[in-house]
Chemist: 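I have a structure here, written as structure tokens, and I will follow up with some questions on it.
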Amino acid sequence: MIDPLYLNAIALSDGEETAVIIIADFLGIREAYATPIREKIAKSTGIKAENIIVSSLHQHTSICLRYDPSGKNNVLDDESYLNVLYCK
């Protein structure tokens, strides 16, 4: 990894519903990783999981949390990193 990784988020509310947009410094993120992140945020905040968007910047100096059947991309399945990602 060349650069520090950052995660930026914004929460928006109309007084009844709240939505959260999270943008991470990842090359990509697959649903298998995004779903547990949304569920954990929903459980701890009360915001509906379907109102939480997890996205990546698609920059090429960090990790990739997505499935690549070719095996050519930097696909991460590192348990110790995932424990940090999910705050376990």
Side-chain angles (χ1 to χ4, degrees):
M1 192 171 354
I2 298 170
D3 299 317
L5 298 179
Y6 295 97
L7 183 138
N8 292 287
I10 185 169
L12 308 165
S13 178
D14 66 2
E16 295 180 25
E17 293 283 333
T18 300
V20 175
I21 302 170
I22 300 167
I23 301 174
D25 284 349
F26 299 148
L27 177 62
I29 186 166
R30 66 180 174 177
E31 192 60 36
Y33 297 114
T35 296
I37 292 169
R38 282 196 302 274
E39 290 171 351
K40 184 167 184 138
I41 293 168
K43 184 176 179 181
S44 66
T45 65
I47 298 169
K48 296 176 188 173
E50 60 265 23
N51 291 356
I52 301 168
I53 297 171
V54 180
S55 181
S56 64
L57 290 176
H58 192 82
Q59 50 91 354
H60 289 253
T61 59
S62 71
I63 60 169
C64 180
L65 295 176
R66 66 180 177 84
Y67 175 68
D68 176 16
S70 75
K72 294 179 183 176
N73 287 314
N74 185 17
V75 178
L76 179 70
D77 283 313
D78 183 298
E79 192 63 32
S80 61
Y81 179 83
L82 296 177
N83 286 339
V84 171
L85 181 68
Y86 298 131
C87 302
K88 291 183 179 180

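Keep in mind the model is a prediction, meaning the values are calculated, not measured. We're numbering straight along the sequence, starting at 1.
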Chemist: Could you tell me which residues satisfy side-chain contact (heavy atoms from CB on, under 4.5 Å) with A9, sequence neighbours excluded, listed by chain and number?
Modeler: I22
Chemist: So do L57 and I23 actually touch side chain to side chain, heavy atoms under 4.5 Å?
Modeler: yes
Chemist: Compare every heavy atom of A42 with every heavy atom of I52, then report the nearest pair and how far apart it is.
Modeler: CD1-N, 3.9 Å
Chemist: Tell me, please, which residues at least two apart from T35 pass side-chain contact (heavy atoms from CB on, under 4.5 Å).
Modeler: E31, R38, E39
Chemist: Under the side-chain hydrogen bond (donor to acceptor under 3.5 Å, both in side chains) rule, collect the residues that match up with T45, sequence neighbours excluded.
Modeler: none
Chemist: Within this structure, what is the CD1-CG distance for the pair I21 and L12, rounded to the nearest 0.5 Å?
Modeler: 5.5 Å
Chemist: Say you draw a straight line from OG of S56 to CG of L7; how long is it, rounded to the nearest 0.5 Å?
Modeler: 11.0 Å
Chemist: Would you please name every residue forming a salt bridge (charged side-chain N to carboxylate O under 4.0 Å, His left out) with E17, sequence neighbours left out?
Modeler: K48
